[in-house]
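In the text below, chain A, chain B and the rest are named by the order of the sequence lines, each starting its count at 1.
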Protein chains: 2
Amino acid sequence: MAHPTLEDVAARAGVSRALVSLVMRGSPKVGKERREAVLKAADELGYRPNVMARGLAAGRTGMVGVLAADLHDPLFAALHDGLADEAARRGVRVLLAGGGGRPARERAALGELLDLRLDGLLLAGPRIAAAEIERAAAGCPVAVAGRSLRSARVDCATGDDAEATRLAVTHLAGLGHRRIAFLNAGPGRSRLEKAYEAAIAAAGLTPVRDVPWRSDGAPTSVVAVGDATGTSALITLLRAGLDVPGDVSLVAVGEAPGAEAGGVTTVAAPAAELGARAMAALLDRIGGGTGEGRRITVPPVLTGRATTRAFTP
Amino acid sequence: MAHPTLEDVAARAGVSRALVSLVMRGSPKVGKERREAVLKAADELGYRPNVMARGLAAGRTGMVGVLAADLHDPLFAALHDGLADEAARRGVRVLLAGGGGRPARERAALGELLDLRLDGLLLAGPRIAAAEIERAAAGCPVAVAGRSLRSARVDCATGDDAEATRLAVTHLAGLGHRRIAFLNAGPGRSRLEKAYEAAIAAAGLTPVRDVPWRSDGAPTSVVAVGDATGTSALITLLRAGLDVPGDVSLVAVGEAPGAEAGGVTTVAAPAAELGARAMAALLDRIGGGTGEGRRITVPPVLTGRATTRAFTP
DNA sequence: ATGAAAGCGCTAACAG
DNA sequence: CTGTTAGCGCTTTCAT
């Protein structure tokens with residue numbers, strides 16, 4: 001028998017279907033004797049409950065969907081580690097769908113996930129319009145990780161890259177660096193640059209701009225911002241013939257691919273925690289009814305690796 | 001109404017449920033008039049078919065599951081691009097599950113996917129035992145990408161890293177390099193090292209081993225093997241004070257994270273094609289009944305970037 | 001061309 | 001404690 005059903009198990013164990021259903025869900029009100037008979041029959045037949053049928057009948061599936069806007073983003077893998085752990089801890093299954101980095105695909109994937117009628121949805125770094133998310137949230141509990149929405153019924157967990165930038169500057173300043181440059185290759189330039197400037201000012205320093213390497217007032221350290229900037233920045237510096245961290249120290253803001261392998265000191269939101277917090281909020285919402293959408297901010301963490309060193313004149 | 005059903009649509013359109021079902025699936029044998037009435041009602045109600053119910057009733061879901069052994073592997077994202085395209089092209093939905101890099105988790109995720117009773121399963125880089133895969137394949141069409149199984153009922157699509165290594169050596173030799181070193185940081189050392197040696201011999205050269213940089217017989221080029229080797233190798237070389245590709249050329253075998261951003265010349269299996277081929281095989285198997293398990297080998301491709309240059313004495 | 005009826009595999013009240 | 005009876009939302013014969 002390819003896929004034995006509840007009924008097959010019941011027949012083999014000589015009991016009713018309902019009894020088997022109870023046993024499969026671990027109900028306490030079944031006699032030891034019968035329970036074991038059922039378990040034995042199920043095992044012999046290789047019975048596995050059909051999740052679809054179960055979901056249809058119960059009205060809940062015990063599964064949540066996770067929509068990854070972009071599977072290429074290494075951030076997502078870390079995020080997934082955290083949210084999967086949290087879900088496993090609470091006995092919930094996770095199903096993924098990938099948005100392929102394109103809003104159109106993401107929208108389609110969201111629709112597919114919605115059509116599955118899962119218990120909830122977690123959107124990781126969504127790029128689609130807020131209104132679309134809002135609409136999805138009307139029919140299904142929704143949480144978002146990596147983007148903040150102003151919505152009453154969506155929980156959001158985000159990092160704080162302005163704070164991360166500030167932390168990077170502070171760290172470098174604490175190491176004795178006085179000339180700290182800012183390097184950007186990504187969106188959000190002005191916002192993070194402002195954070196940089198504010199942090200520089202707060203440390204009693206002045207921004208370093210467009211000063212050539214090895215010149216007199218050359219920076220002794222760099223804060224690199226933007227997703228792919230960490231390792232690329234290191235390579236750029238090395239290519240310029242600089243010793244890192246001998247000549248300049250480097251701190252990358254945000255988890256760049258290969259930052260660990262490349263030994264780049266990084267300050268970023270702990271992605272796993274971001275995922276776990278978002279999942280926790282989602283499961284709370286699913287379980288505990290409703291409430292205002294939560295705004296969760298996870299503070300950035302500095303991971304010291306091999307590209308920073310105290311400034312020595 | 002939160003989730004209108006077929007029945008709601010039927011009532012609103014003044015027809016029977018069966019009629020609506022036909023229309024939703026685009027059957028040609030429905031009068032134009034009624035069809036439009038149904039479509040209109042469905043639209044007004046915001047009707048979305050429940051895929052669980054549909055799957056249960058139809059015996060097919062129109063979805064395949066993809067199990068990613070390790071979401072962290074950037075290879076998977078590329079693989080997914082290819083397989084998702086192929087699936088979309090053939091009107092099939094894709095659902096993902098992540099193995100978290102640990103066989104135990106992968107096993108669990110496989111079970112969950114199996115319990116969903118999808119139309120088929122695609123295993124990406126599975127680390128679990130062949131016997132387990134075989135067992136899964138007994139109850140559900142299965143294809144594997146990134147690992148070769150000797151199984152009659154599982155289709156496998158793989159790259160060929162020995163061939164990739166050979167190609168890397170040949171490319172460098174073609175560029176005029178005579179002293180080509182081999183750098184390894186990963187499993188499979190002996191196999192790839194043999195491929196390196198064979199290619200070196202075929203090019204009429206001799207292997208370069210343990211010769212210090214800048215010494216007399218120092219290598220003028222390097223073939224770096226192993227998953228994280230590409231960018232790390234570049235960083236290592238730069239750190240050693242070498243100009244790349246001025247002093248040495250570098251070819252990484254396998255798609256390393258950040259290889260593109262770092263501008264590292266790479267020779268690797270085109271992951272998207274790997275995914276597409278595996279998905280195609282799976283869908284063929286689902287559609288066209290059975291047949292011997294296919295063995296698909298996708299030849300590696302060289303992506304010239306900024307770390308190689310012709311040798312000039 | 002359209003509707004009625006019988007399930008798909010399971011859960012959830014109910015009775016016993 | 002256990003079995004019976006209805007569905008969950010949809011597809012699919014089979015009549016009409």
List the residues meeting side chain to side chain donor-acceptor pair (under 3.5 Å) with [X], not counting sequence neighbours, and say none if there are none.
X        : answer
B:Lys29  : none
B:Asp85  : A:Arg105
A:Arg34  : none
B:Arg102 : none

Please determine if [X] and [Y] form a salt bridge, counting it only when a charged side-chain N lies under 4.0 Å from a carboxylate O.
X        : Y        : value
A:Asp115 : B:Arg93  : no
B:Arg153 : B:Glu134 : yes
A:Asp155 : A:Arg277 : no

- Would B:Ser21 and B:Arg25 count as having a side-chain donor-acceptor pair, cut-off 3.5 Å?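 A donor-acceptor contact under 3.5 Å links the two side chains.
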
[X]: what forms a salt bridge (charged side-chain N to carboxylate O under 4.0 Å, His left out) with it, not counting sequence neighbours?
X        : value
A:Glu86  : A:Arg89, A:Arg90
B:Arg107 : B:Glu132
A:Arg295 : none

- Rounded P spacing from D:dT5 to C:dA6 in Å: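 Their P atoms lie roughly 16 Å apart.
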
- Write out the stems for DNA chain D, ordered by first number and formatted as range with range, counting runs of at least 3 consecutive Watson-Crick or G-U wobble pairs under 3.5 Å.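 DNA chain D forms these stems: C:1-11 with D:6-16, C:13-16 with D:1-4.
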
- Item | Boundaries of the chain A footprint along DNA chain C (any atom under 4.0 Å from a heavy atom) |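 Reading along DNA chain C, I get C:dG9 to C:dA12.
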
- Task: Using a heavy-atom cut-off of under 4.0 Å over every strand shown, decide if A:Leu6 touches base, sugar-phosphate, or nothing.
- Result: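 Base, at least one base heavy atom under 4.0 Å.
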
- Classify the nucleic acid contact of B:Ala18 as base, sugar-phosphate or nothing, counting any heavy atom under 4.0 Å across all strands shown.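 It contacts base atoms.
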
- Item | Side-chain N,O (A:Ser16) to OP1/OP2 (D:dG3) below 4.0 Å |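 Result: yes.
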
- Message: Check whether A:Glu106 reaches the backbone of A:Gly100 with its side chain - one donor and one acceptor, N or O, closer than 3.5 Å.
- Response: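 Checked: no pair found.
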
- Starting from C1' on D:dC1, measure out to CD on A:Glu36 and report it in whole angstrom.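 From A:Glu36 CD to D:dC1 C1': 16 Å.
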
- A:Leu19 CG to D:dT5 P, straight-line distance once rounded to whole Å: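 After rounding, the reported distance stands at 16 Å.
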
- For DNA chain C, find the residues of residues 47-55 of chain B with a heavy-atom distance under 4.0 Å and give them by number; none if there aren't any.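 Close to the strand, none.
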
- Item | Sub-4.0 Å heavy-atom contacts from residues 20-34 of chain B onto DNA chain D, ordered by number |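 Residues of residues 20-34 of chain B under 4.0 Å from DNA chain D: B:Ser21, B:Arg25.
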
- Message: Listing request: all side chain to side chain donor-acceptor pair (under 3.5 Å) pairs with a residue in residues 49-69 of chain B, at least two apart in sequence or in separate chains.
- Response: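 Non-adjacent pairs meeting side chain to side chain donor-acceptor pair (under 3.5 Å): B:Thr61-B:Asp119.
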
